[in-house]
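Input: a single structure, listed below in structure tokens.
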There are 2 protein chains.
Amino acid sequence: MQRETKQRRAIRKALIDAGHPLSPQELHESAQEDVSGIGIATVYRNIKALHEDGWLEIVELPGEPPRYEVAGKEHHHHFHCRRCDKVYEVEGCPGNLKAVTPEGFELEGHEFVLYGLCVKCAA
Amino acid sequence: MQRETKQRRAIRKALIDAGHPLSPQELHESAQEDVSGIGIATVYRNIKALHEDGWLEIVELPGEPPRYEVAGKEHHHHFHCRRCDKVYEVEGCPGNLKAVTPEGFELEGHEFVLYGLCVKCAA
DNA sequence: GTCGTTGCAAAGCGTTTGCAGCCTA
DNA sequence: TAGGCTGCAAACGCTTTGCAACGAC
């Protein structure tokens with residue numbers, strides 16, 4: 001990743017402006033507002049490049065296509081709204097992980113996802 | 001789902017014998033030991049039918065293809081081994097979920113996945 | 001001017017579907 | 001014997017890749 005193209009700039013901007021994880025399609029649509037002719041392949045290639053550069057992080061939710069967010073945030077988890085399908089960040093962590101890890105297993109990481117209705121959809 | 005075929009029996013048996021969640025491919029391979037000519041389409045069709053019947057449950061892990069396990073177990077979560085790629089059940093639940101749910105959000109469910117090395121791979 | 005990057009179209013890959021024949025009830 | 005079920009192959013949707021042209025440095 002060596003050159004700054006208008007396509008790459010549009011993809012970065014879309015992720016920064018969104019403030020929450022975006023899917024490849026959402027990212028493509030959002031980037032098209034800046035660069036109308038941008039191809040989906042370019043979006044995928046830049047996702048890969050920006051991830052290898054450590055600029056973005058992959059957010060994988062169970063049964064969902066991957067989404068992407070700007071890297072460097074504090075440890076956090078996600079809340080997935082079942083109605084509007086948006087993903088929100090939640091602070092904190094339930095902890096107590098060692099207690100549920102079976103004997104002899106080596107714990108390296110964890111993922112934690114909440115489901116329900118976001119504040120807008122619950123209203 | 002009205003008839004008991006040898007294919008369906010093989011798929012049920014594979015899930016029961018495994019004791020841990022299986023992916024469609026794993027299920028296909030395992031069922032082939034009983035019915036050598038079984039097609040992958042049949043596996044997918046039976047997964048769907050058995051799920052609609054409530055006989056099996058879908059286990060979705062972040063960034064992983066879905067796996068399936070026999071339904072009716074107690075509330076539990078999963079441990080995903082990064083080396084052998086197997087998925088194990090873990091008892092218990094960290095709890096304390098309300099504490100991390102943002103104000104105004106309605107919590108309906110949660111998923112919780114541990115990553116690391118299983119007891120075999122850690123040795 | 002170089003060569004990293006792009007858009008397009010084709011190729012992959014896992015999952016689903018259409019269809020004719022099979023086999024359970 | 002009826003019609004649910006199966007295997008095969010084609011269709012699908014999403015992601016990746018090959019390639020010639022473009023454009024950032």
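Proteins get letters first, then strands, A, B, ... in listed order; numbering begins at 1 in each. Keep in mind the model is a prediction, meaning the values are calculated, not measured.
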In this structure, SG of B:Cys118 is separated from NE2 of B:His80 (nearest 0.5 Å) by 10.0 Å

Rounded to whole Å, CD of A:Glu29 lies from P of D:dC14 at a distance of 11 Å

Q: For the pair B:Lys48 and B:Asp53, find out whether any cationic side-chain nitrogen is under 4.0 Å from an anionic carboxylate oxygen.
A: no

- Query: Among side-chain atoms of B:His77 and B:His110, is any donor-acceptor pair under 3.5 angstrom?
  - Reply: yes

Rounded to whole Å, the NE2-C1' distance (B:His28 to C:dT16) equals 15 Å

inquiry  = Using a strict threshold of under 4.0 Å (side-chain N to carboxylate O), is an ion pair present between B:Glu4 and B:Arg12?
reply    = yes

Within residues 51-60 of chain B, those residues having any heavy atom closer than 4.0 Å to DNA chain C are none

*Counting only N and O atoms by type, is there a donor-acceptor contact under 3.5 Å from the side chain of B:His28 to the main-chain atoms of B:Ile38?*
yes

Fill in: Side-chain donor or acceptor of A:His76 paired with backbone N/O of A:Glu74 under 3.5 Å
yes

Reading nucleotides 18-25 of chain C from 5' to 3' and marking B where a protein heavy atom lies under 4.0 Å of the base, S where only the sugar-phosphate is that close, and - otherwise, the string is B----BBS

Here the distance between atom P of C:dG14 and atom CZ of B:Arg67, to the nearest Å, is 14 Å

Output for pair (A:His20 NE2, A:Leu15 CG), nearest 0.5 Å, gives 10.0 Å

* Is a salt bridge present between A:Lys86 and A:Glu26, judged by a nitrogen-to-oxygen distance below 4.0 Å? -> no

Closest heavy-atom pair, A:Ala71 versus A:Glu57, reported as atoms and distance to 0.1 Å, is CB-OE2, 3.6 Å

Next on the checklist: Are there over 12 heavy-atom neighbours, none belonging to B:Lys98, within less than 6.0 Å of that residue's NZ?
Outcome noted: no

Open item on the list: With a 6.0 Å cut-off on the ring centroids, do A:Phe105 and B:Tyr88 count as close?
Closed with: yes

When rounded to whole Å, the CD1 to P distance for the pair B:Ile11 and D:dC5 reads 12 Å

Check: So what does A:Ile40 hit on the nucleic acid, given a heavy-atom distance under 4.0 Å: a base, only sugar-phosphate, or nothing?
Finding: nothing

Every stem of 3 or more Watson-Crick or G-U pairs under 3.5 Å that DNA chain D joins, in order of first number, is C:1-25 with D:1-25

From CD of A:Gln25 across to P of D:dT16 the rounded distance in Å is 11 Å

Whole-Å distance, B:Met1 CE to D:dC5 C1', equals 12 Å

When rounded to whole Å, the CG to P distance for the pair A:Leu50 and C:dT5 reads 11 Å

Taken to the nearest whole Å, CZ/B:Arg9 to P/D:dT6 is 11 Å

Next item on the list: Using a cut-off of strictly less than 4.0 Å, decide whether A:Gln7 has a side-chain nitrogen or oxygen near OP1 or OP2 of C:dG7.
Entry: yes

